Amino acid sequence: MEEIDILLTTYNTEEEFLKKQIESILGQTYYNFRLLISDDDSTKKEVRTILQEYQKKDNRIVLYWQEENLGYNKNFEFLLKKARANYIMFADHDDIWYAQKIEKSLEMIKEKKVDLVYCNAKQINENGEIIQEDYIKYKNVPQINGKDKLAITRCVGIGCSQIITKSIGNKMLPFTKEVIAHDWLAAFLANEGKGIAYIEEPLLEYRLHTNNIFGGRSLAQNLGQWKEKNGKSYQSYLKYRKEKVIDQAYLEGAIMCLKYAQNEENREFIKKLIRYYENIEESQYINLHIGKYFKFLKGKNLGKKMIKEIIMFHFPVIGYGIYLIH
């Protein structure tokens, strides 16, 4: 039976969330795995206590304690260096895995002979109530079978939904300063390798709460948080558009991909993509180069997301009206 390494990082995790996640992993139908957990110097003593208690119960758990806070990405990098199995999975500290998540993910990656598989998820709130039945549909996540340029321009599958080959794990190391998201990097490298496949069935419950570091929130929620801190002026909106949307969600991802790209065709594509992002950032009212948007970001299942992006990228003056009413 193939061994799997599951990488889970913790930092001041809510105790009940952590217990439910660990129990959901230990209760998998596929049992030949190591659960590698690195605590990022939590200040909550309860986190260490819980982890030690579970380790005593199950020898598949391997614990690491960071002496200083590394941060989210560096802590995952630390665990990635410890992985030895041919297949690796990432786990968040506050989700809930369905019993067959490992089994079905491993089955798919072997059947399709690809470097990465990602699955669908249900989204839950802090109370464990389901708020979205289909995360891929809700967030307009690209659905890739094989290879697709969308794995360059977008993040394909949240990390906790992915299984990757050890080959991809090795290519990810070391994390350079350009790495903004380990899941985006993994999918990009898999796309340059043997490709990607997705599982339409939700295999986990992805928790959304006030302490989420990445993802999950809607546009209205993100806009609301920004306006509370920065106001409702047009300049505030343009700053949000540049910093929180174009830079953080698109441009920085392209720069990361360029750093790791080995395929020359992909390198040229990414350079053009970066120039496109830089060009639309300079446009403060209207940018009529919409054809380039479709060249880089068009996808079959991305309808609603594409409408929002076109408005924000190419018609910011219209986007400002949306900003005001959300």
Side-chain angles (χ1 to χ4, degrees), residues 1-10 21-22 25-26 28-38 58-64 66 70 72-93 95 97 100-119 144-148 151-152 155-176 178-199 203-204 253 256-257 259-263 266:
M1 183 181 276
E2 195 85 49
E3 186 180 52
I4 309 290
D5 277 336
I6 303 169
L7 314 185
L8 189 156
T9 63
T10 59
Q21 172 64 310
I22 293 176
I25 294 173
L26 297 181
Q28 291 288 300
T29 56
Y30 192 95
Y31 56 84
N32 188 26
F33 60 82
R34 295 192 307 159
L35 176 55
L36 309 183
I37 303 176
S38 175
D58 199 310
N59 60 12
R60 292 175 295 178
I61 296 177
V62 182
L63 297 181
Y64 299 96
Q66 301 304 330
L70 299 178
Y72 180 79
N73 271 341
K74 282 297 182 181
N75 203 15
F76 259 120
E77 180 189 30
F78 172 85
L79 286 179
L80 198 53
K81 291 177 180 178
K82 301 293 183 182
R84 70 186 185 202
N86 289 330
Y87 297 97
I88 299 165
M89 301 180 78
F90 304 116
D92 287 346
H93 57 176
D95 297 333
W97 286 17
Q100 291 185 297
K101 184 175 188 294
I102 298 177
E103 182 180 343
K104 291 186 176 182
S105 298
L106 181 61
E107 182 181 287
M108 178 69 82
I109 201 169
K110 286 186 170 184
E111 176 188 329
K112 297 293 185 178
K113 297 179 180 179
V114 292
D115 274 321
L116 181 147
V117 165
Y118 63 105
C119 66
I144 296 177
N145 275 311
K147 297 186 179 184
D148 196 307
I152 299 173
C155 184
V156 178
I158 44 179
C160 55
S161 75
Q162 295 178 345
I163 182 171
I164 64 172
T165 59
K166 184 67 164 67
S167 170
I168 296 303
N170 290 338
K171 290 177 182 178
M172 293 171 70
L173 296 171
F175 281 16
T176 67
E178 289 84 6
V179 174
I180 63 166
H182 66 282
D183 45 11
W184 190 337
L185 177 60
F188 168 73
L189 292 171
N191 196 60
E192 281 207 331
K194 293 187 292 185
I196 299 169
Y198 81 97
I199 299 172
L203 295 180
L204 76 151
M256 174 186 67
C257 292
K259 180 70 176 182
Y260 282 83
Q262 297 297 312
N263 181 293
N266 282 345

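Treat the numbers as computed from the prediction; the structure is a model and nothing was measured.
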Item checked: Donor-acceptor under 3.5 Å (Arg60 side chain, Tyr31 main chain) -> yes
Notebook entry, point to check: Under 4.0 Å between a Lys/Arg side-chain N and an Asp/Glu carboxylate O for Glu107 and Lys104?
Noted result: no
Notebook entry, point to check: Between Leu26 and Phe33, which heavy-atom pair has the shortest distance, and what is it?
Noted result: CA-CZ, 4.1 Å
Check: With a 4.5 Å heavy-atom cut-off, do Leu35 and Ile61 have their side chains touching?
Finding: yes
Check: If you look at every heavy atom in Thr165 and Ile109, which pair is closest and at what distance?
Finding: CG2-CD1, 4.1 Å
Notebook entry, point to check: More than 12 non-hydrogen atoms from neighbouring residues, nucleotides or ligands closer than 6.0 Å to CD on Glu111, yes or no?
Noted result: yes
Next item on the list: Test Leu106 against Ile4 for side-chain contact (heavy atoms from CB on, under 4.5 Å), laying out the working first.
Entry: CA-CA 9 Å; Leu106 181 61; Ile4 309 290; 3.9 Å; yes
Next item on the list: Could you grab the distance from atom SG of Cys155 to atom CG of Leu185, nearest 0.5 Å is fine?
Entry: 10.0 Å
Notebook entry, point to check: Quick one: does Ile25's side chain get under 4.5 Å of Leu8's, heavy atoms only?
Noted result: yes
Note to self: Donor-acceptor check, side chain of Gln162 to backbone of Val156, threshold 3.5 angstrom: yes or no?
What the structure shows: yes
Checklist line | Between SG on residue Cys257 and CD on residue Glu178, distance to nearest 0.5 Å | finding: 11.0 Å
Next item on the list: Count the heavy atoms belonging to other residues, nucleotides or ligands that lie under 6.0 Å from NZ of Lys110, then report whether that count exceeds 12.
Entry: yes
Checklist line | Reported CD1-to-CG distance for the pair Ile164 and Leu80, which is rounded to 0.5 angstrom | finding: 6.0 Å
Next item on the list: Keeping the roles fixed (side chain from Gln28, backbone from Ile102), state whether a donor-acceptor pair exists under 3.5 Å.
Entry: yes
Next item on the list: Taking the side chain as every heavy atom from C-beta outward, state whether Phe78 and Lys82 have any atom pair closer than 4.5 Å.
Entry: yes
Check: Which heavy-atom pair separates Leu204 from Cys160 by the least distance, and what is that distance?
Finding: CD1-SG, 3.7 Å
Note to self: Could you check whether Gln21 and Asp92, counting side-chain N and O atoms only, form a donor-acceptor pair closer than 3.5 Å?
What the structure shows: no
Checklist line | Heavy-atom closest pair, residues Asp5 and Arg84 | finding: OD2-N, 2.7 Å
Notebook entry, point to check: Measuring from Asn145:CG to Lys112:NZ, what's the distance to the nearest 0.5 Å?
Noted result: 5.5 Å
Checklist line | Shortest non-hydrogen contact between Cys119 and Lys101, atoms and distance | finding: SG-CE, 4.3 Å
Check: Taking all non-hydrogen atoms of both residues, which atom of Gln262 and which atom of Glu192 are closest, and how far apart?
Finding: N-OE1, 3.1 Å
Check: Is Asn75 reaching over with its side chain to a backbone N or O of Ser38, donor-acceptor style, under 3.5 angstrom?
Finding: yes
Margin query: Taking Asn86's backbone N and O only, do any of them form a donor-acceptor pair with Glu2's side chain (distance below 3.5 Å, no angle check)?
Written below: no
Note to self: Any side-chain to backbone donor/acceptor pair from Asn73 onto Val179? Under 3.5 Å, distance only.
What the structure shows: yes
Note to self: Is it the case that atom NZ in Lys147 sees more than 12 heavy atoms from other parts of the structure closer than 6.0 Å?
What the structure shows: yes
Note to self: To the closest 0.5 Å, what do you measure between CE (Met256) and CD1 (Ile152)?
What the structure shows: 11.0 Å
Notebook entry, point to check: Does Thr29 offer a backbone N or O that forms a donor-acceptor pair with the side chain of Glu103 under 3.5 Å?
Noted result: no
Check: Any side-chain heavy-atom pair from Ile88 and Lys166 closer than 4.5 angstrom?
Finding: yes
Notebook entry, point to check: Where the side chain of Tyr30 meets the backbone of Ser105, is there a donor-acceptor pair that is under 3.5 Å apart?
Noted result: no
Note to self: If you take the centroid of each ring, where Trp contributes its six-membered ring, are Phe90 and Phe76 closer together than 6.0 Å?
What the structure shows: yes
Next item on the list: Hey, could you give me the CD1/CD1 distance between Ile6 and Ile22, rounded to the nearest 0.5 Å?
Entry: 11.5 Å
